Amino acid sequence: MLAQDAVNSGDTAWVLVCAGLVLFMTPGLAAFYGGMVRTRNVLAMLQQNIVALGVVSLTWVLVGYTIAFGDDAGGGLFGNLELFGLTDLRVPVAPNLHVVSDQVTIPTLAFIAYQMMFAVITPALVIGATAGRLKFAGWVAFLAIWSIVVYAPVAHWLWHPDGWLANLGTQDWAGGMVVHASAGAAVLGMLLVVGRRRGWPHTASPPNSIPLTILGAGILWFGWFGFNGGDGLQANGLAAQAVINTHLAAAAGLLVWLVFERVKDGHSTVVGSVSGAVAGLATVTPAAGYVNAVSAILIGAIAGLVCHFALRLKYLLRLDDALDVLAVHFVGGMLGSLLVGFFGDRGVNPLGRDGLFFGGGGSLLWHQIVGVVAVVAFSFVLSWAIAAAAQAVIGLRAPAEVQDNLDHAQQDADAYHLGGVAGLHGTGAPQRRRQAGRRGRGTERPTPAAQNARLVTATVDPALLPTTRELRDALVEAGATAIVLSDATVSTAEPTDRSLPRGYWQEQDLAGRARVEVVADREAVSGVLDVLGRHGAERSECFVQDVQLATDVH
């Protein structure tokens, strides 16, 4: 390890903070994806993301790091195994890594920790495309193998001083190729093996929690400052430039996406906001330390436009990419890598190269094209092979009968337990809660039991119901002696269009309703029906039945 007096404490602190930020992105990604899937697949999605923190952390320490950053074993393809298990760290991390200066002096373990977090989140990106279709054991096997045989060699190619693409002159600041393009190519290979969801593309899955998705996107945006800001391994002006470029590209991508969403779909959505932001973040990643602020804005704007139109890519390829990983990460990563060839500016980073727009000619652009093609081809072929092997040996695709409820099949648990009725407004005030004896759970029936009882049943739109107190009081005043409210789903005469994120929609033949069951005297039935009618119940859809109270049964 480096001698203690040679370590720059400021740089070390910055790199360690950035490692923490990138780690935080993995649960952020889990939340981002988790909010977009169906209610009964939420826990499975979260688990498939979080497990990468365990699996890839270990594979990285044991063998991934030495393949990526060990001494080159020849040809710039991969490192040797001398650092297996981190048993020999006498030689510090190489100080130039083609993007930093010779003055970088941080502990090797700080560098290992920082790079570990990149290795963790990269394969986790794949999960968004395969949502609802993976067996957990098969995914864990794919995750472990892919992190060793795909991610680590690609990192060596571009981020090791002796990597063949690094020697060629290809530049990738923080992972446009190493992270996003390689993960996107893995999506292509995985989808060829696991196939489509039942009914795709004629059925669409509504998200279970858009607020959860927005929270996840915020975490990703926050963590991306470490993702791009730490790659120079120094706390200096270049780190600040990378951070500001990151934020500006996200902002530009957000706004451009919203504009085109408005033009195309007639409205701008919050999911469109974060989709554009993430597209901008992914696209500026390979360029963040090589371009100026104005170029970063242009890169983000281009990302918002191109990635928005790339949403159709999965239909052209007939690949069921559930959460549009191809459009945002794959296209964004490749696009940003190519844009380095246009916007590269040595005035920002002397270790970079001038692009086409800054008088550098086309050589850098050519080297970027070679890098993108090589990484995509390598990752696609090996990812398909790993997925096919996992499917053949232990199974990778979940059986069709459990794909709509992976939470029960894989975890025997539910993410949510509240329905529409439980979400109705109740009466309350900012004061001390009343004692149970005065008005609590022990509240008696509204009125004495009916003598000549009728059961009135109706379904109403929960959105049309008042507060629970108002509904109860109105029914009691009409003569109700017992009230039951429950969730129900009813068929509709005409399918209703339901908007989904990113411009998608679905026809819904079943609609959620609140089922109201009221016991009342025969004379009170008309008043009860009037109350329900005021809250959207159609008389033709209400039922009145004779009932026998349990107290009358001997």
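No experiment lies behind these values; they were computed from the predicted model shown.
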Subject >> Charged N-O contact under 4.0 Å between Lys314 and Asp324 >> reply: yes

Subject >> Short N-O contact, Asp320 and Arg197, less than 4.0 angstrom >> reply: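 Between Arg197 and Asp320 there is a salt bridge, with a charged N closer than 4.0 Å to a carboxylate O.
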
Would you check if the side chain of [X] reaches a backbone N or O of [Y] as a donor-acceptor pair within less than 3.5 Å?
X: Thr66; Y: Val63; result: no
X: Arg312; Y: His308; result: no
X: Ser337; Y: Gly333; result: yes
X: Ser209; Y: Leu212; result: yes
X: Arg38; Y: Asn208; result: no
X: Thr170; Y: His367; result: yes
X: Tyr33; Y: Thr213; result: no
X: Gln410; Y: Leu134; result: yes
X: Asp354; Y: Arg346; result: yes
X: Asp414; Y: His408; result: no

Are [X] and [Y] near enough that their ring centres are under 6.0 Å apart?
X: His180; Y: Trp224; value: yes
X: Trp139; Y: Phe136; value: no
X: Phe69; Y: Phe111; value: yes
X: Phe78; Y: Trp157; value: no

For a 4.5 angstrom cut-off between non-hydrogen side-chain atoms, does [X] reach [Y]?
X: Met177; Y: Gln368; result: yes
X: Val372; Y: Leu338; result: yes
X: Val294; Y: Leu248; result: no
X: Arg397; Y: Lys135; result: no
X: Pro27; Y: Ile50; result: yes
X: Leu319; Y: Leu192; result: yes
X: Met45; Y: Ile127; result: yes
X: Val376; Y: Phe330; result: yes

Considering residues at least two apart in sequence or located in another chain, which fulfil the salt bridge (charged side-chain N to carboxylate O under 4.0 Å, His left out) criterion with [X]?
X: Arg353; result: none
X: Asp345; result: none
X: Arg262; result: none

Closest non-hydrogen atom pair between [X] and [Y], with its separation:
X: Ala31; Y: Leu46; result: N-CD2, 4.2 Å
X: Ala119; Y: Trp60; result: CB-CE3, 3.7 Å
X: Gly169; Y: Leu364; result: O-CD1, 3.8 Å
X: Ala174; Y: Trp159; result: C-CZ2, 3.5 Å
X: Pro153; Y: Ile148; result: CD-O, 3.2 Å
X: Val193; Y: Leu396; result: CG1-CD2, 4.4 Å

**OP:** Take Leu323 and Val37 through the test side-chain contact (heavy atoms from CB on, under 4.5 Å) and record every step on the way to the result.
**Re:** CA-CA 8 Å; Leu323 304 183; Val37 299; 4.2 Å; yes

Subject >> Test ring pair (Phe, Tyr, Trp, His ring centres under 6.0 Å) applied to Tyr151 and Phe118, step by step >> reply: CA-CA 10 Å; Tyr151 178 83; Phe118 283 77; 8.2 Å; no

**OP:** Begin with the C-alpha distance, continue with both residues' side-chain angles, and end with the deciding distance and a verdict on side-chain contact (heavy atoms from CB on, under 4.5 Å) for Leu233 and Asp11.
**Re:** CA-CA 7 Å; Leu233 305 179; Asp11 292 344; over 6 Å; no

Subject >> Pair Leu188-Ser383, side-chain contact (heavy atoms from CB on, under 4.5 Å): steps then yes or no >> reply: CA-CA 8 Å; Leu188 295 174; Ser383 298; over 6 Å; no

**OP:** Indicate the ring-plane relationship of Phe357 and Phe342, choosing parallel, tilted or perpendicular according to the 30° and 60° boundaries.
**Re:** tilted

**OP:** Measure the acute angle between the ring planes of Phe222 and Phe225, then classify it against the limits of 30° and 60° as parallel, tilted or perpendicular.
**Re:**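 The arrangement is perpendicular - the two ring planes meet at more than 60°.
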
State the [atom1]-[atom2] distance between [X] and [Y], to the nearest 0.5 angstrom.
X: Ile214; Y: Ile219; atom1: CD1; atom2: CD1; result: 12.0 Å
X: Leu356; Y: Trp366; atom1: CG; atom2: CH2; result: 14.5 Å
X: Leu53; Y: Ile121; atom1: CG; atom2: CD1; result: 9.0 Å
X: Asp321; Y: Met190; atom1: CG; atom2: CE; result: 11.5 Å
X: Ile302; Y: Thr283; atom1: CD1; atom2: OG1; result: 9.0 Å
X: Gln171; Y: Leu165; atom1: CD; atom2: CG; result: 12.0 Å

**OP:** List the steps, then state whether ring pair (Phe, Tyr, Trp, His ring centres under 6.0 Å) holds for Trp221 with His247.
**Re:** CA-CA 8 Å; Trp221 196 329; His247 185 72; 5.4 Å; yes

Original post:
If you measure only the distance, is there a donor-acceptor pair under 3.5 Å linking the side chains of Trp257 and Ser268?
Top reply: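 No pair is found: no donor N or O on one side chain lies under 3.5 Å from an acceptor on the other.
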
Original post:
Which is it for Asn245 and Val291 under the side-chain contact (heavy atoms from CB on, under 4.5 Å) test, yes or no, and what are the steps along the way?
Top reply: CA-CA 8 Å; Asn245 286 349; Val291 302; 3.7 Å; yes

**OP:** Report, as yes or no, whether the 6.0 Å neighbourhood of atom CH2 on Trp164 holds more than 12 heavy atoms from other residues, nucleotides or ligands.
**Re:** yes

